[in-house]
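Below is one structure; the comments refer to it alone.
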There are 2 protein chains.
Amino acid sequence: MTKKTSPSPAAIKAWARLMRVSRQLVERAEDALKDSSLPPLAWYDVLHELAEAGEGGLRPFQLIERTLFAQYNVSRLLARLEADGLVEKLRVADDGRGQTIRITDKGRETRRRMWAVYGRSIAELVGARLSDDDLDTLAALLGRLRHPAAPA
Amino acid sequence: MTKKTSPSPAAIKAWARLMRVSRQLVERAEDALKDSSLPPLAWYDVLHELAEAGEGGLRPFQLIERTLFAQYNVSRLLARLEADGLVEKLRVADDGRGQTIRITDKGRETRRRMWAVYGRSIAELVGARLSDDDLDTLAALLGRLRHPAAPA
DNA sequence: TCTATATAGATGCAACTGCATTGATATCGG
DNA sequence: CCGATATCAATGCAGTTGCATCTATATAGA
């Protein structure tokens with residue numbers, strides 16, 4: 001558990017499982033959305049953050065912090081969301097470089113419809129397979145892998 | 001824990017952590033490889049499978065089964081690996097449609113150099129943060145999320 | 001055998017990603 | 001106040017992915 005350059009078998013196995021399972025789950029969730037003719041998960045993440053932010057909206061750089069998407073990715077994703085009428089870009093008074101992104105009613109509606117499908121995927125893919133206790137344990141272990149390290 | 005359409009808060013939290021942490025870890029590992037001017041993780045996955053397969057090599061469809069990559073993805077990845085001399089494609093006698101992919105010495109060498117970096121990432125990102133006991137617990141919990149469900 | 005269907009793998013095209021850079025505004029130091 | 005530097009966001013270009021389709025061979029069924 002101390003700093004080494006070579007991973008233990010337990011570390012390798014946990015890593016491999018993490019890589020494989022997370023990819024599988026993402027794929028399943030994406031497929032479920034596609035089957036319902038809904039946009040991809042990335043759109044949900046952004047709409048979710050914007051919905052939580054409320055009327056004040058968020059600056060693109062705040063979305064970057066919250067979602068882990070790259071800057072150029074957010075820039076283009078927002079362009080697509082705006083083109084679809086799911087968000088609106090507002091000039092912000094005190095910073096001429098920036099803008100504020102606000103979710104529209106249509107955006108909220110889309111998010112709602114996505115959640116109906118996405119939430120079901122989560123329920124089926126993890127909720128139905130682990131007890132709440134095990135889910136808590138899993139979340140706690142994963143929490144210790146966050147970067148930068150979170151306080152205990 | 002029974003089949004529901006709406007996920008519990010514990011399920012949502014575990015899901016969110018899983019999505020976020022796995023993305024962070026992949027990104028870190030990819031960055032480490034890039035910093036060493038090495039190919040991306042996907043190449044490692046394929047070289048690893050081929051190295052394990054030995055002289056007999058593997059058919060592309062076997063790689064697809066083992067790696068979860070899409071068919072077209074494997075097809076093009078193998079083309080790049082072949083162009084770099086890391087694998088070779090052999091016609092297979094008893095099936096005119098197919099081919100067998102075998103790793104070359106150069107491929108083995110590349111895999112080795114990738115593992116030096118990749119293994120260190122694993123050691124630092126997970127090995128240094130959780131005890132082996134916790135890693136085993138994590139792997140076991142993740143194992144129960146595999147699809148299709150593995151036998152207990 | 002001859003036709004229909006299934007499987008292995010490749011590929012054209014459109015969309016998306018990653019990288020580097022750019023344009024624009026803000027802030028800091030003198 | 002001015003120039004240097006930093007931050008916010010967009011974008012050109014190359015590489016990759018996803019989708020659908022295509023070619024080729026194999027297998028099954030009449």
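Below, chain A is the first sequence line, B the second, and so on; all start at residue 1.
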**Study point:** C/dG18 OP1/OP2 closer than 4.0 Å to side-chain N/O of A/Asn73
**Key:** yes
Review point. Between A/Phe69 (CZ) and C/dC16 (C1'), how many Å, whole number?
Key: 13 Å
Check your understanding: Please give, in whole Å, the distance from D/dT16 P to B/Leu81 CG?
Key -> 11 Å
**Study point:** Selection: residues 20-50 of chain A, any non-hydrogen atom under 4.0 Å of DNA chain D
**Key:** A/Lys34
Review point. Reading nucleotides 8-15 of chain C from the 5' end, what letters show protein touch, with B for base, S for backbone sugar-phosphate only, - for no heavy atom under 4.0 Å?
Key: SBBBBB--
Practice item. Find the distance B/Glu65:CD to C/dT7:C1' and express it as a whole number of Å. Key: 12 Å
**Study point:** Electrostatic pair B/Asp105-B/Arg108, nearest N-O below 4.0 angstrom
**Key:** yes
Review point. Rounding to a whole Å, what distance do you find between A/Leu90:CG and D/dA9:C1'?
Key: 15 Å
Review point. With the threshold set at 4.0 Å, does a side-chain nitrogen-carboxylate oxygen contact exist between B/Glu109 and B/Lys106?
Key: no
Check your understanding: What is the minimum heavy-atom distance between A/Gln24 and B/Leu68, and which atoms define it?
Key -> CG-CD1, 3.7 Å
Exercise for review: Kindly compute the distance separating CG (A/Leu33) from CZ (A/Arg113), expressed to the nearest 0.5 Å.
Suggested key: 11.0 Å
Point to revise | Geometric class of the B/Trp115/B/Tyr118 ring pair [parallel <30°, tilted 30-60°, perpendicular >60°] | key: perpendicular
Revision key, fill the gap. Scanning both residues in full, the closest heavy-atom pair of A/Arg129 with A/Leu125 reads CD-O, 3.0 Å
**Study point:** Salt bridge flag under 4.0 Å for residues B/Arg23 and A/Asp45
**Key:** yes
Check your understanding: CG of A/Leu135 to CG of A/Leu130: how many Å apart, nearest 0.5 Å?
Key -> 5.0 Å
